[in-house]
Participant: 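So that we are looking at the same thing, I have put the structure below in structure tokens.
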There are 2 protein chains.
Amino acid sequence: MSKAERTRQYIVEKTAPIFNTKGYAGTSLTDMTEATGLTKGSIYGNFANKDEVALASFDYNHKKVIAIIQQEMEKEKTMKGKLLVYANVYENFMKLPFPKGGCPLLNTATEADDTHPQLREKVGDAITSWKNKLVAYLKEGAENKEFKMPANPDQWALTMIATIEGAIMLVQATGKLNYRKLVLQSVEKMILDL
Amino acid sequence: MSKAERTRQYIVEKTAPIFNTKGYAGTSLTDMTEATGLTKGSIYGNFANKDEVALASFDYNHKKVIAIIQQEMEKEKTMKGKLLVYANVYENFMKLPFPKGGCPLLNTATEADDTHPQLREKVGDAITSWKNKLVAYLKEGAENKEFKMPANPDQWALTMIATIEGAIMLVQATGKLNYRKLVLQSVEKMILDL
DNA sequence: TTAATATTATACCGATTGGTATATTTATAA
DNA sequence: TTATAAATATACCAATCGGTATAATATTAA
């Protein structure tokens, strides 16, 4: 790994939390130089523009979430157990190395929908992939006779994602942490009732 | 209504859609002068600063949603019918005079949580009030023997709100309109199963 | 160790940011 | 109709925005 690659990664590491909290329009070059201790020249020697850092930062934040889920997932054998990981991860994300600022999907989706098409596409792809993974677990669980397939698996998966993301939004807006717990208990019930 | 009050309202009318689409950090004074056809001097003659316009714009957008729901609600007699209004309004919000840019609660919550405490508080209050209304309908429906009370009414209400807001987020991210329909059908089922 | 190269810092650019003092116009009450 | 007050426009402010040309400094291969 060359020096440049290392600083590129360093820049992303330090700026990703800022993009995830202040948003993409709300994060300035000055925020980035202060967080990294580097100068503008140094940042622009490694990235073409602010957008490119934003895109890389989203990827970094999202991969962090994926990694946590995958790690927790490996402990589980049953499909219900694997599905429950999603609810548990989001329920306990203060205890886990979750990206600062909350869920990058939620944060990015609402800001980028009209203003930043590339970012929006990344979020869209992430959601589609999440949905497809959930449907795959449903199929495997049904084939293993662990539970019976819901009538509309896509609908089931999308409802689960929507409820989780909505739970995070409720906490961001109200500051009431128990709101997340209550809603995620509903998600758990949804899984256990399969 | 004085001239000043009328222009104040005019400014909010014209800028509220911009705040709701581009966000509060993403909306500039120039955006506001272009949308209104007024000058900065005129805007600052009626508002102390950009923040004050943002706050008034949020109120305007939120009241618009409240008004739609209230109007649709009056047609309904049963509590189930009233609860279903929420799902139906969000399912058909292209056909209704819904604020441009989508749900102001969702849009504002994710941006304002770290950057704009006053705005965040407004969103928080709106959500709490929404939850309380839902719980009140549940109580009335249970008292009328229309259905039986869910075990945890707060949880039921918060789950419904989270799922609706999550559904909107999914559409913003993926652009797939049928995602909203699918998720809101789950919300409908949640109500019908009471 | 040296020369070539890659990386980072300095100093600057024009444009735009939110905001304001003042002049001009418009509404309003006498 | 006129005087007064209210509302709007003009012209400006310093600060910051994202971005860049160039100079200085490290890195790296020979």
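First the proteins, then the strands, lettered A, B, ... as listed; each starts at 1. These figures come from a predicted structure and were not determined experimentally.
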Participant: Using atom CG of A:D51 as one end and atom C1' of D:dC17 as the other, report the distance to the nearest whole Å.
Facilitator: 14 Å
Participant: Would you say the side-chain atoms of B:R8 pair up with the backbone N or O of B:N46, donor to acceptor, closer than 3.5 Å?
Facilitator: yes
Participant: In the 5'-to-3' direction, what one-character label does each nucleotide of nucleotides 24-30 of chain C receive under the scheme B = base within less than 4.0 Å of a protein heavy atom, S = sugar-phosphate only, - = no such atom?
Facilitator: ---S---
Participant: Could B:D59 and B:K122 be called an ion pair, given the rule that one side-chain N must be under 4.0 Å from one carboxylate O?
Facilitator: yes
Participant: Testing A:K22, A:K50, A:K40 for salt bridge (charged side-chain N to carboxylate O under 4.0 Å, His left out) with A:D31, which one passes?
Facilitator: A:K22
Participant: Just to confirm, is there a sub-4.0 Å distance from OP1 or OP2 of C:dT7 to any side-chain nitrogen or oxygen of A:T7?
Facilitator: no
Participant: Below 4.0 angstrom, which residues in residues 37-48 of chain B have at least one non-hydrogen atom near DNA chain C?
Facilitator: B:K40, B:Y44
Participant: Is A:Q155 reaching over with its side chain to a backbone N or O of B:L182, donor-acceptor style, under 3.5 angstrom?
Facilitator: yes
Participant: Check the distance between D:dT8's C1' and B:I11's CD1 and give it to me in whole angstrom.
Facilitator: 10 Å
Participant: Looking at A:A4, is its backbone amide N or carbonyl O close enough to the side chain of A:T7 to form a donor-acceptor pair, meaning the two atoms are under 3.5 Å apart?
Facilitator: yes
Participant: Could you walk me through whether B:L138 and B:L194 pass side chain to side chain contact (heavy atoms under 4.5 Å, CB included), step by step?
Facilitator: CA-CA 9 Å; B:L138 286 176; B:L194 272 171; 3.8 Å; yes
Participant: Just to be sure I understand the geometry, which residues of residues 19-36 of chain A put a non-hydrogen atom under 4.0 Å away from DNA chain C?
Facilitator: none
Participant: Are B:Q172 and B:N107 close enough that a side-chain donor and a side-chain acceptor fall under 3.5 Å?
Facilitator: yes
Participant: Would B:F58 and B:Y24 count as a ring pair (Phe, Tyr, Trp, His ring centres under 6.0 Å) if you check the C-alpha gap in whole Å, the side-chain angles of each, and the deciding distance to 0.1 Å?
Facilitator: CA-CA 10 Å; B:F58 171 79; B:Y24 295 87; 7.5 Å; no
Participant: Judged by atom type as modelled, is there a donor-acceptor pair below 3.5 Å linking the side chain of B:N92 to the main-chain atoms of B:K95?
Facilitator: no
Participant: Report, as yes or no, whether the 6.0 Å neighbourhood of atom CD on A:E121 holds more than 12 heavy atoms from other residues, nucleotides or ligands.
Facilitator: no
Participant: Which whole-number value in Å describes the distance from B:N49 CG to C:dT20 P?
Facilitator: 8 Å
